[in-house]
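The structure under discussion appears below in the form of structure tokens.
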Protein chains: 2
Amino acid sequence: MVTIKDIATMANVSRSTVSRVLNNSGYVSEEARQRVEKVIEATGYVPSGYAKSLRTKQTKVIGVILPTIQTETPSRVVTGLGRELSKHGYQILLANTDHDKEKELEYLDLLVRQVDGIVLIATNTEPELTQKIKSMNLPFVMVGQEAENVICVTYDDYHVARDVTAFLVDKGHTQIGFIGVDETDQAVGCFRKKGFYDEMKSRDLSIEEAWVQKGVFDIDSGCKAMKKIIEDSKQRPTAIFAVTDRLAIGAMSYVKRIGMEIPKDIAIAGIGASELSQYVDPPLTTVDYKNETAGEEAAKQLLAFIQGEDYQKKIVLDYRLLSRDSV
Amino acid sequence: MVTIKDIATMANVSRSTVSRVLNNSGYVSEEARQRVEKVIEATGYVPSGYAKSLRTKQTKVIGVILPTIQTETPSRVVTGLGRELSKHGYQILLANTDHDKEKELEYLDLLVRQVDGIVLIATNTEPELTQKIKSMNLPFVMVGQEAENVICVTYDDYHVARDVTAFLVDKGHTQIGFIGVDETDQAVGCFRKKGFYDEMKSRDLSIEEAWVQKGVFDIDSGCKAMKKIIEDSKQRPTAIFAVTDRLAIGAMSYVKRIGMEIPKDIAIAGIGASELSQYVDPPLTTVDYKNETAGEEAAKQLLAFIQGEDYQKKIVLDYRLLSRDSV
DNA sequence: TTCCATCATGGAATCGATACCACATCGCAT
DNA sequence: ATGCGATGTGGTATCGATTCCATGATGGAA
């Protein structure tokens, strides 16, 4: 492997001069610069990243920890992150926890000395996690969940849920079911649920116990949750608010299977604006969360923090309700 | 930041001894080991990865270059890769080209000195690319496309296409349309098309020119391609073979929109076994490519190569045709 | 002529680890 | 007593860059 030393020898200059050419720093005569550049070109020399990192204490790598890349939300966020980071010469080291909270902690340890910063696409906000993050004082951004004392980029889950609920009510529905997820996921589990309950309450609408079910982020569980709602409720709801598109699509697939028509017999709304949502039949009413923007925003804040510039501690992104035929 | 030197001082041993403890190499007395371990524990010391890499010439990082992570195929492959790599202590450096061939080349340059190996989830096999890969002699695996002189993990696109076509013919169809993609993508563009043509020919079935259209890997273009087929053909085909699920789903959405029924008026089949495919109406007949397995296999071959063990130059994965109601 | 910026360049220390080698100790066989 | 292999430890060079400092030219101002 050709090193800076070889380049120096071949160009008949010192390593210092090669380094100056490489980094565009200090004084280098035009003549020397050209000689060096020619040698670099000829040899195809690429500086060793780790030698550089060792010396400069910068890796130009950002660690991204996420629960999975097989769903649209995280993969969109990563796309946004990548786009913004690569503009500034940063790369992404990917850590897929596969929904395993243990691994989340392990990866934090693993990454700490290898990256300039970490982005966590979070599904939980357990104290053990936030504790650890603070303890390793490394530039850090959390996407999708709120936490104390860290930079967060979040969505306004509470108001989204109120809006969706309000939308259903305004369409004339008074009996509305809800398919949520476990509350360890604060953003999706708690805030969206609370938004739903609060809006229903503010409209003086009551909620039958069986109308509220839980799933686990996949289509199949949306299907099962819907089944429970249909089978267990005394009075069937006329509308369903599912906290993710996949749950909503699962619910749709169940109600269609038992011969109900959407939206005539039951209206359904989701959240997430998955690509899928516009091609199911009927197209699903949902909320666009602009995940790529979230990724870009997270990258911007992280880089600002790293570079000692001004950054915003909390960013709450806006959203857009997409009204389609399922309601 | 605490370094190996600090640990050495605190444990009252030399750096060499700490290193030996860290790597479980050479002789270390039980007593010294315990002292060192205690200090490490107490300080939360983590060795610097780049210093280590500089010395050992191993980064324990694999670069993964892909066109996008927003579609299921690459994200499944990455999941498989990650699973297998992390078992062996390797991490993934992600390079998203956003379908830009220029970037593909740039990333190769960028990664070359930072990683122990590269996995390319390929969409093209242009000579410029394969040339470059060979020239940088770095452990390398290509997923999804075949190329000379590199380790490849591929699918049997040709026979898949023949099988799907045969399946349609066996169901009684003789007029079959085809929605493909550009042929710069050898696997998806050429092989699948050739499989279709060859199978049709072997059955003595002719293909009207307008029955064969092209799209670009998204649902919308499947929709447009289908529109062309319907509008331009003298005799409408009774079945459509789309080379990806998204194209197939686009096609479905178009024919449903114009009031045709699936599969009564027209049958549709895709490839890819996207999650989506089982929830569209009717569920889509498709082919399961086991992308995660491909990722795992790619990782295994790459690691075997890196470690100087036996590896297979070409791996062709098997597949499974999923017969559903769309045919 | 002298002096002092400005420009150019190289030498050497350094980053934080590993690994080779030398040396010391110890027990056991000769 | 001597030799020798096994064990344990530290010293030091090294990986490939950056960076600070010293030293030399050069040239225009005083």
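Only this structure's heavy atoms are used, side chains among them; waters, hydrogens and symmetry mates stay out. Residue numbering restarts at 1 for every chain, and letters A, B, ... go by the order of the sequence lines.
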B:E37: what forms a salt bridge (charged side-chain N to carboxylate O under 4.0 Å, His left out) with it, not counting sequence neighbours? B:R33

Under the salt bridge (charged side-chain N to carboxylate O under 4.0 Å, His left out) test, which residues partner A:K132, sequence neighbours left out? A:D109

Which residues pass the side chain to side chain contact (heavy atoms under 4.5 Å, CB included) test with B:S53, sequence neighbours left out? A:Y50, B:T59

Name all residues meeting the salt bridge (charged side-chain N to carboxylate O under 4.0 Å, His left out) criterion together with A:K5; count only those two or more places apart in sequence or in a different chain, and write none if there are none. none

Qualifying ring pair (Phe, Tyr, Trp, His ring centres under 6.0 Å) pairs with a residue from residues 57-88 of chain B, counting only residues at least two apart or across chains: none

With a strict under 4.0 Å distance from non-hydrogen atoms of chain B, what nucleotide opens and what nucleotide closes the contacted stretch of DNA chain D, reading 5' to 3'? D:dT7 to D:dA17

Side chain to side chain contact (heavy atoms under 4.5 Å, CB included) filter on B:E183, not counting sequence neighbours, yields B:C190, B:K193

If you fit an axis to the five pairs at each end of the helix from C:dT1-D:dA30 to C:dT30-D:dA1, how big is the angle between those two axes, to 10 degrees? 60°

Can you list, pair by pair, the side-chain donor-acceptor contacts under 3.5 Å of residues 293-305 of chain A, counting residues two or more places apart and other chains?
residue: A:E296; atom: OE2; partner: A:R83; partner atom: NE; Å: 3.0
residue: A:E296; atom: OE2; partner: A:R83; partner atom: NH2; Å: 3.1
residue: A:E297; atom: OE2; partner: A:Q301; partner atom: NE2; Å: 3.2
residue: A:Q301; atom: OE1; partner: A:Q312; partner atom: N; Å: 2.7

With a cut-off of less than 4.0 Å, is there a side-chain N or O of B:T3 near OP1 or OP2 of C:dG16? no

Close residues, residues 5-12 of chain A, relative to DNA chain D [heavy-atom separation under 4.0 Å]: none

Within residues 48-55 of chain A, the residues having a heavy atom closer than 4.0 Å to DNA chain C are A:L54, A:R55

Can you sort out which residues in residues 24-33 of chain B have a heavy atom within less than 4.0 Å of DNA chain C? Ascending by number, please. none

